[in-house]
Amino acid sequence: MFGTEHKDHEFKHLSKIYEKHVEQINKEALGLRKKLKELTLILHEIDGNIEKVKGSKETKSKDLVFYMEQMQARLEAQLQSKMQTLHERKSTVCQEIEKLENLHVELNKKLSRSGKSSLISQTPEILNTLKDVHKKPISKFKKSYVSAEFPSEIVPCYDCAVFEIKNYSQLRESVEVVYSEPLHVYALTWRLKVYPNGNGVARGTYLSVFLELLKGPQDTSKYEYRVEMVNHRNPNLCVVREFASEFDPGECWGYNRFFRIDLLSEEGYLDENDRIVLRYYVRAPTYYKQCQDQKKYIDYLEKSREAAFKEVEELKTKLGEQLEESKSVMSSNENPLEKIDKEETKENLNYIEEDSEKLEIQSESSFESDEEDNLRSQLKRISELQIEERKQRSEEILKEESAGSVHELNTVFQRYMLSPEHVSSVSSSPQQLKWEEESDYAQQDWELSVEQLSPSEPLSENLLMALDAVQKACLQ
């Protein structure tokens, strides 16, 4: 007490210290009560939420019961419709059977009880009755089969395709695997993959059948599928395999041991034409998954449409450029032709005048007036032939250039008329063939319009003949 440990300490009354500590505790307790009150409110909110969830569940259960009752009623209506159709058919067949049985009994009575003369006299009537019966075709009573499937409002319907394997015995010896035609379902592409002689451990013993997702979104998704093998003797004895698997694009799911090969023909699954018929079905497990597939397919189609519009705009731009270029080529080819014709005409006239002066000098000493006129006419003919020949040469050049431009235009028009899917196609589509016919007509009209400007006879030979005549006349 008197050591250095309690140095500088002072003494206070115990009651004051006690009151101070009680005050601190009450202050902290006030915060505790406040927090307790907040937690109590939260607890009441949770209790209210629980009651609300329970009430919502009860409401949803009532809705589901109501919806199920409606679906059950619609299912019953479908059943009644199918049963009514079948009962009507059954009634018709029963009436026909009863009618034939009565007719058969009546015939037996006539045959057993009628006398010979009476039977002979009744024979035409009996034969006519039997002929009337035979005239009714049996196909009248074989109407279309009523499907046993009922569309579900909870699970999507199956998409179906049929795969016929022809010449099975030959394929079993020569081919390892065969594929069906693709089945397109929204953005998915399915096909059946069959091993005629089995696959893996089942080779040589069992027919192996698989379902393959050939194309689809790059994510794993679960789908339900069913494979049926038709019995050609009794359609009610089809082999059915049904399962659900998660598929990735390019992945196969199915059965190595689908059916024993040695029992195919014995039990009627391989018909007399060496043919096996398989039906395969596939569907999304829920409507939600089906809507997802539809949305992906719609997005794919919209992207394809945008790409097609873009390509069409590019083709329109190229077409406009080609048209402008062709117009400029045509206009540039017209003016030089006129200029060349004028220059050549002027040169030919100068040449004719010079030749005429020379011939006039020569003709004064050796020809009479009538011979001089003849020479003048021949020189005029020569000048005309030269002008026509040069004009023809210029027109041929223009024709070659124009034909090239027309060919380029035809190519551009041809690409413009096609849809974007057909532009890259190797085979000719109906639209492409139609446009080629029209472009051929345009090309023919252009060639005819150019050929009409050309002379029908070759000018070079006429020119040579005229020059020979003039030369002989000058020598004389």
Side-chain angles (χ1 to χ4, degrees), residues 145 147-149 152 155-286 289-290 293:
Y145 179 75
S147 175
E149 298 291 334
S152 174
V155 182
C157 297
Y158 279 107
D159 291 283
C160 175
V162 179
F163 182 29
E164 292 188 5
I165 303 176
K166 300 179 180 179
N167 301 320
Y168 168 76
S169 301
Q170 182 179 355
L171 291 176
R172 183 186 172 191
E173 301 296 333
S174 60
V175 179
E176 181 180 2
V177 61
V178 291
Y179 298 95
S180 68
E181 292 295 325
L183 171 63
H184 301 282
V185 183
Y186 303 120
L188 308 172
T189 302
W190 304 90
R191 69 178 179 182
L192 209 60
K193 184 178 182 180
V194 180
Y195 292 84
N197 197 38
N199 178 53
V201 295
R203 184 181 297 275
T205 308
Y206 285 86
L207 180 71
S208 301
V209 181
F210 298 88
L211 181 66
E212 179 182 8
L213 177 57
L214 191 61
K215 294 180 182 178
Q218 297 298 323
D219 56 354
T220 303
S221 301
K222 189 174 184 178
Y223 292 93
E224 298 176 357
Y225 58 95
R226 184 172 71 196
V227 181
E228 295 181 358
M229 185 166 61
V230 177
N231 190 303
H232 299 282
R233 297 175 188 170
N234 187 354
N236 295 324
L237 297 179
C238 294
V239 176
V240 180
R241 301 284 186 270
E242 192 169 0
F243 204 67
S245 303
E246 293 187 351
F247 286 85
D248 285 320
E251 193 173 28
C252 300
W253 286 93
Y255 306 90
N256 272 325
R257 295 180 174 88
F258 185 79
F259 196 81
R260 285 180 55 180
I261 296 176
D262 57 345
L263 298 178
L264 288 173
S265 179
E266 180 181 343
E267 298 190 6
Y269 298 102
L270 183 66
D271 66 3
E272 62 275 4
N273 296 323
D274 199 22
R275 182 176 63 107
I276 295 176
V277 178
L278 296 168
R279 287 195 293 259
Y280 61 101
Y281 306 80
V282 63
R283 70 179 178 188
T286 61
K289 178 59 181 173
Q290 188 181 59
D293 293 340

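Note that the structure is predicted; figures quoted are calculated from it, not measured.
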J.: Sequence neighbours excluded, which residues qualify as side-chain hydrogen bond (donor to acceptor under 3.5 Å, both in side chains) partners of His232?
T.: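 Expected list: none.
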J.: Determine, for Arg191 against Glu212, whether the closest basic-nitrogen to carboxylate-oxygen distance falls under 4.0 angstrom.
T.: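 Result for this pair is yes, salt bridge flagged.
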J.: When you compare the side chain of Val178 with that of Pro196, does any pair of heavy atoms fall below 4.5 Å?
T.: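 Yes, close enough: below the 4.5 Å cut-off.
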J.: Kindly say whether Val230 contributes a backbone atom to a donor-acceptor pair with the side chain of Arg279 at under 3.5 angstrom?
T.: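 Pair absent, no side-chain N/O of Arg279 close to backbone of Val230.
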J.: Test of understanding: with side chain to side chain contact (heavy atoms under 4.5 Å, CB included), list the residues that count as partners of Ser174, not counting sequence neighbours.
T.: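 Partners of Ser174 by the side chain to side chain contact (heavy atoms under 4.5 Å, CB included) criterion, ordered by chain and then number, come out as Gln170.
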J.: I'd like to know if the side chain of Ser245 pairs up with that of Lys222 as donor and acceptor (distance under 3.5 Å, no hydrogens or angles considered).
T.: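 Checked: Ser245/Lys222 side chains show no N/O donor-acceptor pair below 3.5 Å.
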J.: Quick test of your reading: applying ring-ring contact (aromatic ring centres under 6.0 Å, His included), list the pairs with at least one residue in residues 166-192, sequence neighbours left out, ordered by first then second residue.
T.: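 Sorted result for residues 166-192: Trp190-Tyr223, Trp190-Phe247.
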J.: Could you pull out the closest heavy-atom pair between Arg172 and Gly204, with the gap in Å?
T.: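 Minimum heavy-atom contact is NH2-O, 3.7 Å.
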J.: Return the minimal non-hydrogen interatomic distance between Ser208 and Asn199, and the atom names on each side.
T.: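 The pair with the smallest heavy-atom distance is OG-N, 2.9 Å.
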J.: Looking at every heavy atom in both Asn231 and Tyr269, which two are closest together, and how far apart are they?
T.: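 In terms of heavy atoms, the two residues are closest at ND2-CZ, 3.4 Å.
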J.: I'd like to know if the side chain of Glu251 and the backbone of Asp248 have a donor-acceptor N/O pair within less than 3.5 Å.
T.: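 Checked: pair present.
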J.: Side chains of Asn167 and Asp274: is there a donor and an acceptor less than 3.5 Å apart?
T.: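 No.
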J.: Taking all heavy atoms of Leu207 and all of Ile261, pick out the closest pair and write down the distance.
T.: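 Where Leu207 meets Ile261 most closely, the heavy atoms are N-CG1, 3.6 Å.
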J.: Which heavy-atom pair separates Cys252 from Lys193 by the least distance, and what is that distance?
T.: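 Nearest heavy atoms, Cys252 then Lys193: SG-CD, 3.9 Å.
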J.: Apply side chain to side chain contact (heavy atoms under 4.5 Å, CB included) to Glu173 and list each qualifying residue two or more places apart in sequence or on a separate chain.
T.: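 Checked Glu173 against side chain to side chain contact (heavy atoms under 4.5 Å, CB included); zero matches.
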J.: State, yes or no, whether a side-chain contact exists between Leu192 and Val194 at a heavy-atom distance under 4.5 Å.
T.: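 They are in contact (side-chain heavy atoms under 4.5 Å apart), so the answer is yes.
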J.: Quick one: do Arg203 and Glu176 make a salt bridge, cutoff under 4.0 Å?
T.: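 Yes, Arg203 and Glu176 are salt-bridged.
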J.: Using side chain to side chain contact (heavy atoms under 4.5 Å, CB included) as the criterion, list what pairs up with Asn273, not counting sequence neighbours.
T.: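 For Asn273 the side chain to side chain contact (heavy atoms under 4.5 Å, CB included) partners, ignoring immediate neighbours, are Asp271.
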J.: Search all heavy atoms of Asp219 against all heavy atoms of Pro249 and return the closest pair with its distance.
T.: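 Looking at all heavy atoms of both residues, the shortest contact is O-CD, 4.4 Å.
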J.: Please set out all donor-acceptor pairs under 3.5 angstrom arising from side-chain atoms of residues 155-166, sequence neighbours excluded.
T.:
unit_1 : atom_1 : unit_2 : atom_2 : d
Tyr158 : OH     : Glu242 : OE2    : 3.0
Glu164 : OE2    : Arg275 : NH1    : 3.4

J.: Can you tell whether the side chains of Arg226 and Glu228 come within less than 4.0 Å, N to carboxylate O?
T.: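 The answer is yes: the pair qualifies as a salt bridge.
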